[in-house]
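Just so it is clear, the model here is predicted, and its values are computed rather than measured. When a ligand or atom number is given, it counts from 1 through the structure's own listing order.
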Amino acid sequence: MNIYKTLLIILVFGQLKAQTLKSLSPQDKYIGTIVNTNFFDNPLKNEKQYDSIIKSQFNGIVAENNYKMAILMPNQPKDPFHLTLKDINTGYLDKLANFGIQNKMIVRGHCLIWQNQVPQWLSILSKKWTSKQIYAFAKQYITLVVGYTKGKIQEWDVVNEGIDDRTAKLRANTWYNNVTNKQDFINQCFIYTRKADPKALLFYNDFSIEGFQEKEDSRNHFMLTMVKNMRNHKIPIDGVGLQCHLVNNQLEDGYIFSIGRTIDEISSIGLKCSITEFDIRICNNQNASSREQLEIQKQKYQKMILLLLGHKGVTGITFWGFTDKHSWIPNIMQNCGNAHIYDTNYNPKPAYEGVRESLKAIQRYTKQKPFLNSPIKIPGTIEFENYDYGSKGISFMDRDEINNGNFIDRKDPVDLIQESNGTIILGYTEAGEWLSYTINVATTGLYDFDILNCSAETNNAQIRIEIDGIRIAHSFTFIPNGSWSTYKNEIFHNIPLPKGIHTLKFYIEKGPVNLDKTKIHLSK
Ligand code: G3I
């Protein structure tokens, strides 16, 4: 083989390697997947693509079912209050943990205490147990399982789905229903787990808790209050697992941003978040594999990843399945499916591209340099000329190479005009041009943008706003007022901004328009 061919192969493989999800994931976060129950045994073991996609794309792993009590302890032990390792299928614990270690992956343990997938013998016996006996059994089980895998599991879901679907309070009808104080039982389970493996991060995990809600009788509100109380009482909880099983056509931008708000709240309590069971299913009469649905799904995946992995408070994200070929959804959710990023033949779907695009966007905006070296604080004011430093295509897009204005301090081709009173205005804008700004938003919420001193002469101009490369609001129109020198103010209402450091982009869809500055403040 000649040297050019060798170089080409190195280059191509280098490119392919560089493009996998895990290689694009932010340094301090993981991108994980479940491993199907049949993975370590036949028949899935023979599906080479299943294995190779997991190894090449992901750096986090969790068992879909094999760490649950029904699978770890299907047979009634001799003495449930004095368990030994013989009572537990340690083989399942070993297979996943060792696979994770061999492949340098974060391993999640899912889950210790859950009302579902419990062995039948436990459902029957526990009805007769006293509160004390239930504590004793849970302590034995947790101590044994967590102690056995000590040092190998980075995150444990200690309690799963403890909040009732209907009442939004702690569940009744569980195998642990006979405990006299359910919250105290949950607290003790965290204490047992911490003792058994002091280094693992301990999570409360649940579904439909991710969207922020003011309503006091909501699951979200209950969860936030519960974990805040646990923290205040020094219960060893480290984080909240937001499952995020979502539906393609119901997932509005507002809901995505409200997940950001929940993560803000959890962070402010001093806890971490993990996105533990992410998928976006397509339901009912929609043609699940139509181009349109797959494109919508791509956009939803894209926005979710951008928001979630771009958030400081998140440790990582786990996809609850990566291929439509092996999915829990059609078995459990009637008329739904196609929820994952690979299709039934292991081909990447548009959603896979969406995930990658967002990961790349996160890398890009973390690299660009803010003007004046620090992000602009929001609420606050952005002068349009203070766009970020960075090479062309990173912080601004100006169609031509010359500055058509008379203000040339920035030494780049963006068209800036200095008015006689000293004000600097952005002008000569054209469709397709844009400017970006690094902002630091104090709280997630809806903001008004007061665009101060703007003008359009004869045609409607139009601008759209993007956060971290994703369009977040409809386009705003500037009505012409007949003269460039007659400036007026416009207001863009209710623009959702997530907390933290982000890239805000003003994209000119129709020009020209002259712009001076924008004051950004919380909407009333
Ligand atoms: O193992 C038996 C097999 O022996 C039997 O032949 C077969 C017949 O249906 O069933 C097999 O068990 C199934 C098991 O998955 C393993 O495939 C159960 O019926 C089935 O109910 C079970 O579903 C799992 C479900 O949890 C149980 O609630 C799904 O795979 C799993 O993806 C799902 O995961 C849960 C999370 O743990 C918690 N959050 C929600 C999430 C989705 O429901």
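A side-chain hydrogen bond (donor to acceptor under 3.5 Å, both in side chains) with Asp279 is found for one member of Tyr301, Trp320, Trp328 and no other, namely Trp328. Of the options Val179, Thr180, Asn177, a side-chain contact (heavy atoms from CB on, under 4.5 Å) to Ile134 is made by Val179 and by none of the others.
Within the cation-pi definition used here (under 6.0 Å to the ring centroid, within 45° of the axis), Arg108 does not qualify as a partner of Tyr30. Figure legend: Arg171 and Tyr176 shown without cation-pi pairing, the cationic atom not lying both under 6.0 angstrom from the six-membered ring centre and within 45 degrees of its axis.
A donor-acceptor contact shorter than 3.5 Å is absent between the side chain of Asn160 and the backbone of Tyr204.
Ring pair Trp114/Tyr67: centre-to-centre distance not below 6.0 Å.
For ligand 1, the 4.0 Å heavy-atom shell contains residues Glu64, Asn65, Lys68, His110, Trp114, Asn116, Gln117, Asn160, Glu161, Gln243, His245, Glu277, Trp320, Trp328, Ile332.
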